[in-house]
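One-based numbering, in listed order, for ligands and for the atoms of each.
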Amino acid sequence: MDLEYSEEYKAYRDEVREFLRGWPLAGDDANLPLVEQEALFRRLSIEAGYVYRNVPGQYGGAGQEPDALKDSIVRDEFYAAGAPGDLKTQGAGLLVPTLLEFGTEVQKRRFIPAALTGEEAWCQGYSEPGSGSDLASLQCQATLDGDHFVVNGQKIWTSMAQRADWMFGLFRTDPDLSKHAGISYLLVDMKSPGIDVRPLKEMTGGTEFNEVFFDDVCVPVENLVGQRGEGWAVSRATLIHERNLIGNPNMMRDSFNDLLDLARRTLRRGRPAIEDPHLRQRLVEIEGYVRTQETSNMLQFTAQLRGEAQKAMRPMMMNKLFSTDTAQMIQRCAYDLLGADGMLAPAEEDVAGWKRNTTSTGWVEAYIFSLGPAIAGGASNIQLNIIGERGYGLPRDIRKPT
Ligand SMILES: Cc1cc2nc3c(=O)[nH]c(=O)nc-3n(C[C@H](O)[C@H](O)[C@H](O)COP(=O)(O)OP(=O)(O)OC[C@H]3O[C@@H](n4cnc5c(N)ncnc54)[C@H](O)[C@@H]3O)c2cc1C
C-alpha cells in the first residue's frame, strides 16, 4: 500500500495551506462578528475553488471538476486550520445534494445559493410521532388542491425548526397508494400561515428539537421535488448524505486525543489517571476502534478513487454505526473519569453540539449528546440491518406486516 501523495497533489496541498494563511482574518475584517468573518472567508474560499468544490458555479459553488483526492486535502487542511469550509447544515449538507440530483432548474437557482451561504436555514421534516425507523408509515397529509398542496398533521424531532426559514419534508399525497408510493418530497416555507413550532427541552438542557404542527398550510406545487408519489426515492438521496455527514475520522481522532489529555490531567490517588492499568487497557481498546475507523475510511476512499463503487459500499454503510459507537465509548470513558464532577449540569455555553472539550461540564454535555447521533438519521439497529442485508446479503430481518 502506497499512502504517499503524488507531486501534483503535494503541490495542491501547499497551495491550500498558502491560501489558509488568510485565516483567521486580519485588519478591519478581524473586528467583524465571528459569523460575518466566517461568511466572508467562505465566499473567498468558493472563489478560490476550495469550498463547495463540486457544486456548479451557476448555483453558487466553486464549479470544480470532481476529484476525491483534492476534496480530502481541502477537508483535512481546512479542519486543521480551524477554517470555515463547507457548512454542515441541513441545507448545505442534505438539501443541496438532493436538489442537484432531483430539483428543477428553477428550484436549483432559487434555493441552492442561499442554502450554501446559510442565508436561508433549513430543517428536515421526516419523523412523526408514530414514524421514525418505520418512516414510510408517515401520516402527515398534503392534499393537492389546484395549484397548491394543503398540509395537515405533525412532525417531531425536527432539529432547528425554530430557526429555520424552510423545511424539506416528506408528506403523504396519495393516501390510497401503498405506503412508499404515496409519499412526496415538498419544500415548505416555515413562515406560512398555519405552522406552529413548539421547542422540546432535551436532557442536555438545550432545545434543538421541535414539534411542528401544520394546520391547512399552503405549499405551491412548484415546491414539489421530483414527481408526486416519488418522495421516497428522493429522500433516500438525503439520508445517504446525512449518514456520511455523521462520520468524520478527524473529529474522532481529536476527540480521542482530548480524552487522553483528560486522563493525563485527572488525578487518582495522587497519580495521573493515565497510569492506571485498567484505564490504559480501556484507552487501548478505544484507540483500536478509532484506528479501525480511519482504516475503514481509507478503504472506502481507495475504492472510490478506483471507481469500485460496490467495494466502497460496505465501509460507507458501516461509517455511521462505527463513528457513533466509538464517539459514545470516548464520551463514556471521559464521563467515568470525571467522578463527582459528572453530576454537574452542562453550562449554557456547553450546549453546542459536537465540539472540542476542555471543561468537565463540556464532557458531561458531550456524553449526553453522544446518545443522539446513534439514533438520528437511522438508529444503530437499523444500520445493522442495512449492513447485514444489503452489504452482506444476509436473510431479511423479520418485519411487521405492512
Ligand atoms: C439528535 C437527533 C436529531 C434528529 N433530527 C431530526 C430531524 O431534524 N428531522 C427528523 O425528521 N427527524 C430527526 N430525528 C429523529 C430520528 O430520525 C428518529 O429518532 C429515528 O429515525 C428513530 O425513530 P424513533 O425515534 O421513532 O425510534 P423508533 O423507530 O421507535 O425506534 C426505537 C428503537 O427500536 C429499534 N427498532 C425500530 N425498528 C427496528 C427494526 N426493524 N429492527 C431492529 N430494531 C428496530 C430502533 O433501533 C430503536 O432502538 C432526530 C433524532 C435525533 C436523536
Side-chain angles (χ1 to χ4, degrees), residues 88-95 98 115 121-140 151 153-172 179 183 185-188 190 195 197-214 231-232 234-243 245-247 320-321 323-325 327-328 331 351-355 365-390 394-402:
K88 301 283 182 269
T89 55
Q90 311 253 26
L94 304 180
L95 175 81
T98 306
W122 287 80
C123 62
Q124 181 190 52
Y126 284 8
S127 308
E128 296 180 10
S131 308
S133 303
D134 184 18
L135 187 58
S137 66
L138 63 89
Q139 292 300 321
C140 196
V151 180
Q154 185 196 346
K155 295 289 171 185
I156 196 168
W157 314 128
T158 323
S159 305
M160 303 298 174
Q162 71 274 52
R163 290 196 277 285
D165 301 296
W166 287 85
M167 168 189 282
F168 56 89
L170 292 176
F171 300 90
R172 190 157 291 287
K179 27 191 235 187
I183 293 172
Y185 188 105
L186 298 180
L187 309 178
V188 183
M190 291 296 281
I195 294 187
V197 178
R198 299 186 200 162
L200 294 164
K201 187 89 172 168
E202 293 149 35
M203 59 182 176
T204 57
T207 44
E208 264 192 29
F209 287 144
N210 301 271
E211 293 178 292
V212 182
F213 294 88
F214 300 85
W232 191 253
V234 178
S235 75
R236 295 303 85 189
T238 318
L239 270 180
I240 288 169
H241 291 289
E242 180 164 8
R243 286 170 191 162
L245 275 187
I246 289 174
K320 193 213 167 215
L321 182 70
S323 59
T324 55
D325 273 3
Q328 278 186 13
Q331 314 299 0
V351 184
W354 200 335
K355 58 176 175 40
E365 195 277 338
Y367 170 57
I368 303 173
F369 181 81
S370 73
L371 307 175
I375 302 169
S380 294
N381 287 335
I382 303 299
Q383 302 300 317
L384 285 167
N385 277 351
I386 293 173
I387 296 164
E389 293 170 13
R390 294 191 215 150
L394 296 176
R396 264 172 74 82
D397 193 17
I398 299 160
R399 299 284 200 280
K400 192 169 75 172
T402 54

Novice: Between the side chain of Gln154 and the main-chain N/O of Pro129, is any donor-acceptor distance below 3.5 Å?
Specialist: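 Judged by distance alone, no pair lies under 3.5 Å.
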Novice: Side chains of Ile183 and Phe171: closer than 4.5 Å at any heavy-atom pair?
Specialist: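 Ile183 vs Phe171: side chains apart.
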Novice: For Phe369 and ligand 1, answer yes if some heavy atom of the residue is under 4.0 Å from a ligand atom, otherwise no.
Specialist: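 Heavy atoms of Phe369 never come under 4.0 Å of ligand 1.
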Novice: Check the surroundings of atom CH2 in Trp166: do more than 12 heavy atoms from other residues, nucleotides or ligands lie under 6.0 Å from it?
Specialist: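 Correct, the count exceeds 12.
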Novice: Decide yes or no on side chain to side chain contact (heavy atoms under 4.5 Å, CB included) for Glu211 and Ile156, but give the supporting numbers first.
Specialist: CA-CA 4 Å; Glu211 293 178 292; Ile156 196 168; 3.9 Å; yes
Novice: Counting heavy atoms only, which of Gly132, Ser133, Pro129 comes nearest to atom 28 (P) of ligand 1?
Specialist: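 Comparing heavy atoms across Gly132, Ser133, Pro129, the nearest one to atom 28 (P) of ligand 1 lies in Ser133.
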Novice: I need the atoms of ligand 1 closer than 4.0 Å to a non-hydrogen atom of Ala379, numbered in the order shown.
Specialist: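 Selected atoms, number and element: 46 (C), 47 (O).
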Novice: Consider every N or O of Gln124 and every N or O of ligand 1, then say whether any pair is closer than 3.5 Å.
Specialist: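 Right, the criterion is met.
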Novice: As a check for students: among Ile156, Leu384, Asp397, Ile375, identify the option with a heavy atom nearest to atom 22 (C) of ligand 1.
Specialist: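 Looking at heavy atoms only, the winner is Ile375.
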Novice: For Met160, which part has a heavy atom under 4.0 Å from ligand 1: side chain, backbone, both, or neither?
Specialist: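 Neither part.
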Novice: Can you find an N or O of Tyr126 that's nearer than 3.5 Å to an N or O of ligand 1?
Specialist: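 There is such a contact, yes.
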Novice: What's the spacing between Asp134 CG and Ser127 OG if we round to 0.5 Å?
Specialist: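 Answer rounded to 0.5 Å: 11.5 Å.
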Novice: Using a 4.0 Å cut-off to any heavy atom of Asn385, which atoms of ligand 1 qualify?
Specialist: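 Per the distance check, 42 (N).
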Novice: Show which atoms of ligand 1 fall inside a sub-4.0 Å distance from at least one heavy-atom site of Gln90.
Specialist: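 Contacts of ligand 1 toward Gln90, numbered from 1: 8 (O).
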Novice: Within the side chain of Gln328, is there an N or O that forms a donor-acceptor pair under 3.5 Å with the backbone of Ser370?
Specialist: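 Side chain of Gln328 to backbone of Ser370, a donor-acceptor pair under 3.5 Å: yes, one is there.
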Novice: Angle between ring planes, Tyr185 versus Phe168, binned at 30° and 60°: parallel, tilted or perpendicular?
Specialist: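 Plane angle under 30°, so parallel.
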Novice: Tell me, do Leu135 and Trp232 make a side-chain contact under 4.5 Å, heavy atoms counted?
Specialist: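 Yes; the side chains approach each other to less than 4.5 Å.
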Novice: Are any of the N or O atoms of Ser131 closer than 3.5 Å to those of ligand 1?
Specialist: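 Checking ligand 1 against Ser131, no N or O pair falls under 3.5 Å apart.
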Novice: Just going by heavy-atom distances, which of Asn381, Thr204, Leu135, Ile382 is nearest to atom 39 (C) of ligand 1?
Specialist: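 Minimum heavy-atom distance to atom 39 (C) of ligand 1 goes to Ile382.
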